[in-house]
Amino acid sequence: EWPGEMQQVFSPIGEIDAAGGFTPRLLGRCPILDEAAALRAVDAADRAWADGMGAWPTMGVAERIRHVEDFARRMAARRTEVVRIMMWEICKSWQDASGEFDRTMEYLRDTIDALKDLDRASSRFVIEKGIYAQIRRAPLGPVLCMGPYNYPLNETFCTLMPALIMGNPVIVKTPRLGRLLYSPLMEAFRDAFPAGVVNILHGDRRIVKPIMASGRINVLAFIGSSTAADALRLAHPHPHRLRCVLGLDAKNAGIVLDCADMDLTVAEALQGSFSFNGQRCTALKMLFVHQKRLDEFLARMDEGIRKLRIGMPWDEGVRITPLPVPGKSAYLDDLVQDAAAHGGKVANSGGGTHAETLYHPTVVCPATTQMRVYHEEQFGPVIPVIPFTDIETPVRYVVGSQYGQQLSIFGNDPDDVARLIDPMVNQVCRVNINSQCQRGPDTFPFTGRKDSAEGTLSVSDALRCFSIRTLVAAKGSDANKE
Ligand code: G3H
């Protein structure tokens, strides 16, 4: 039963006619739920929770793990379909889409292992000041999970699975771009979990606000923009009671010192700025390059960009593919024009020349504070470069930024690198040395400061985010110990 309207889903890959008109290809149809149907999903999750007394929250850990293992087997069997749809729906290359699927399966296995460890620790008794206590991990109640379009599977599962395995019923609102790839998984969800425990909804903001306004969501797990997260939190009638696990905006800087190894730096800068077209929250979105190495750096970047393969997701070794967000090429062009109008020299600009949704990797130098690209999170293949002579310049940028996810430092002199780490380690949650910024491995903590995150996403941290420590305590006596 699918109440609501059927919506056509188009691919960013399409046909360009002789007059230059672009027609995106129809990929499929997807039921978009209305408010009443969304609230029925909240009812279902509420029934599965039943004030913490439902079968799922009170089920033993071993049994919950069996359900998740059953799901993982069913999911693994649908790998080819999910990967192929992801390639068409968001234009992730075959290599990256397969990587996203495999990384998600690994996340599932690691989550099961981490839960076993947590459960072993929770089964132990401690005795303190004459009190025998068992510290358990208990679920929190219905969770709303929303992942982003750039990792529609992996970054939804990074909250969905830990929330679920800890005993919380979940409602998943699939990403607007990246919802069709859930179709091959629907049966697996239905067959592996009891009714009402997992509720997958396709819809838009018309359903999300009413879900939050119902006041029956206990945890909001959202990965996307800071503005959207604020609006969701405030739609809840009791925001102070809502736990939030958020992965938000970032504008990570890379700092290239004059002691940098240029081969390594350029390889990492290319990957960090342009992998999946720069559509990663962890992408390098600003580069500070020491004036002494600037010409060499720009020449090497230019050389590297010319070698980046531009094409379709199935092309061997492709790096730059069509952009799924409607109007994104035009937005990037605006940023680049604005930079040029403010004196920025633009290299490799080719927005829209290959095809409507393709944007060629572009470097803007020198970038200045007057430019929009200095302030806005471009989330695309455009990288501003700021020359510096004094390390105060990048430090001021990082300290003054409203975001605080990660940064990268490129340099071979340990003293110079160390001098930069100390003033900045309290500004971000990961400092990468001679490497691009990145989330993985997923067992490492992944979070951010300021407007970039709330809570920590990684295998074992996430289990803690979706649970609360609860005590069973008794005054010390041998009888109570038993
Ligand atoms: O888009 C944000 C992702 O968390 C980035 O993950 O660094 O593994 O590409 P990644």
Side-chain angles (χ1 to χ4, degrees), residues 38-39 41-61 63-65 67-68 107-108 111-112 114-119 121-123 133-147 155-173 189 193-201 208 211-223 229 232-247 445-447 453-473:
L39 290 175
V42 179
D43 289 341
D46 241 0
R47 278 196 299 278
W49 173 243
D51 285 328
M53 303 292 284
W56 185 253
T58 56
M59 187 181 280
V61 163
E63 203 180 334
R64 256 191 256 131
I65 287 177
H67 282 278
V68 173
Y107 193 94
L108 267 175
T111 298
I112 291 171
L115 179 61
K116 287 178 182 164
D117 288 346
L118 200 61
D119 190 47
S122 307
S123 325
Q134 185 191 34
I135 305 168
R136 293 192 189 178
R137 282 265 155 199
L140 295 163
V143 177
L144 174 64
C145 298
M146 294 172 63
E155 289 207 324
T156 303
F157 274 63
C158 284
T159 58
L160 154 63
M161 278 302 156
L164 190 60
I165 209 165
M166 287 310 298
N168 306 285
V170 292
I171 297 164
V172 177
K173 211 289 276 165
F189 279 117
F193 296 107
V197 167
V198 185
N199 305 277
I200 311 277
L201 315 184
V208 182
I211 292 176
M212 293 304 293
S214 74
R216 290 184 287 161
I217 295 299
N218 292 16
V219 188
L220 170 66
F222 175 82
I223 301 179
L232 287 172
R233 193 201 304 250
L234 292 175
H236 195 284
H238 310 290
H240 59 284
R241 271 196 231 148
L242 181 72
R243 184 178 287 194
C244 292
V245 183
L246 309 173
F446 177 62
T447 180
E454 193 167 318
T456 303
L457 284 175
S458 69
V459 171
S460 53
D461 290 294
L463 293 176
R464 291 179 171 84
C465 282
F466 294 103
S467 60
I468 187 166
R469 298 218 294 171
T470 304
L471 274 180
V472 179

Applying side-chain hydrogen bond (donor to acceptor under 3.5 Å, both in side chains) to Arg136 and not counting sequence neighbours gives Gln134
Pairwise side-chain contact, Leu108 with Val68, heavy-atom cut-off 4.5 Å (strictly under): yes
Tell me whether Arg243 contacts the main-chain N or O of Ser467 through its side chain, where contact means a donor paired with an acceptor under 3.5 Å. yes
Between atom NZ of Lys173 and atom CZ of Phe222, what is the distance when rounded to the nearest 0.5 Å? 8.5 Å
A side-chain contact here means heavy atoms from C-beta on lying under 4.5 Å apart; do Phe466 and Val219 qualify? yes
Side-chain (His238) to main-chain (His240) donor-acceptor, under 3.5 angstrom: no
dist Asp51:CG -> Asp46:CG (nearest 0.5 Å) comes out at 7.5 Å
Should the ring pair Trp56 and His67 be called parallel, tilted or perpendicular, given that the plane angle runs from 0 to 90° and is split at 30 and 60? perpendicular
My understanding is that only residues two or more places apart in sequence, or in another chain, count here; which of them pass side-chain hydrogen bond (donor to acceptor under 3.5 Å, both in side chains) with Thr111? none
Check Val459 against Ala114 and note the closest heavy-atom contact, atom names and distance. CG1-CB, 3.6 Å
Nearest heavy-atom approach of Phe157 to Tyr107 is O-CE2, 4.2 Å
Treating Asn218 as the side-chain partner and Leu140 as the backbone partner, does any N or O pair qualify as donor plus acceptor under 3.5 Å? yes
Exam field: side chain Asn168 to backbone Pro57, donor-acceptor pair closer than 3.5 Å: no
Indicate yes or no: at least one non-hydrogen side-chain atom of Leu39 is less than 4.5 angstrom from one of Ser214. yes
Between Leu220 and Met212, is there a side-chain heavy-atom distance shorter than 4.5 Å? yes
Considering only heavy atoms from C-beta outward, does the side chain of Val208 approach that of Leu232 to under 4.5 Å? yes
Do Phe189 and Val172 pass the side-chain contact (heavy atoms from CB on, under 4.5 Å) test, and can you show the C-alpha distance, the side-chain angles, and the key distance before you say yes or no? CA-CA 12 Å; Phe189 279 117; Val172 177; over 6 Å; no
Beyond-backbone contact of Ile211 with Arg216, side-chain heavy atoms, under 4.5 angstrom: no
Evaluate side-chain contact (heavy atoms from CB on, under 4.5 Å) for Asp119 paired with Lys116, printing each intermediate quantity in order. CA-CA 5 Å; Asp119 190 47; Lys116 287 178 182 164; 5.7 Å; no
Val245 and Cys465 have their tightest heavy-atom pair at CG2-CB, 3.8 Å
Just how far is it from atom CD1 of Ile223 to atom SG of Cys145, taken to the nearest 0.5 Å? 9.0 Å
Main-chain N/O of Arg137 paired with Thr470 side-chain donor or acceptor, under 3.5 Å: no
Is Thr159 close to Val143 at the side-chain level, that is, under 4.5 Å between some pair of heavy atoms? no
Which residue pairs pass the salt bridge (charged side-chain N to carboxylate O under 4.0 Å, His left out) test when at least one of the two sits in residues 453-462, sequence neighbours left out? Arg233-Glu454
Distance in Å, Ile112 CD1 paired with Asp117 CG, rounded so as to fall on 0.5 Å steps: 12.5 Å
Heavy-atom distance under 4.5 Å between the side chains of Trp49 and Pro139, does that happen here? yes
Shortest non-hydrogen pair, Ala163 vs Val170, comes out as CB-CG1, 3.7 Å
Mind listing the closest non-hydrogen atom pair of Leu242 and His236 along with its distance? CD1-CD2, 3.7 Å
Looking at every heavy atom in both Ala133 and Leu471, which two are closest together, and how far apart are they? CB-CD2, 4.0 Å
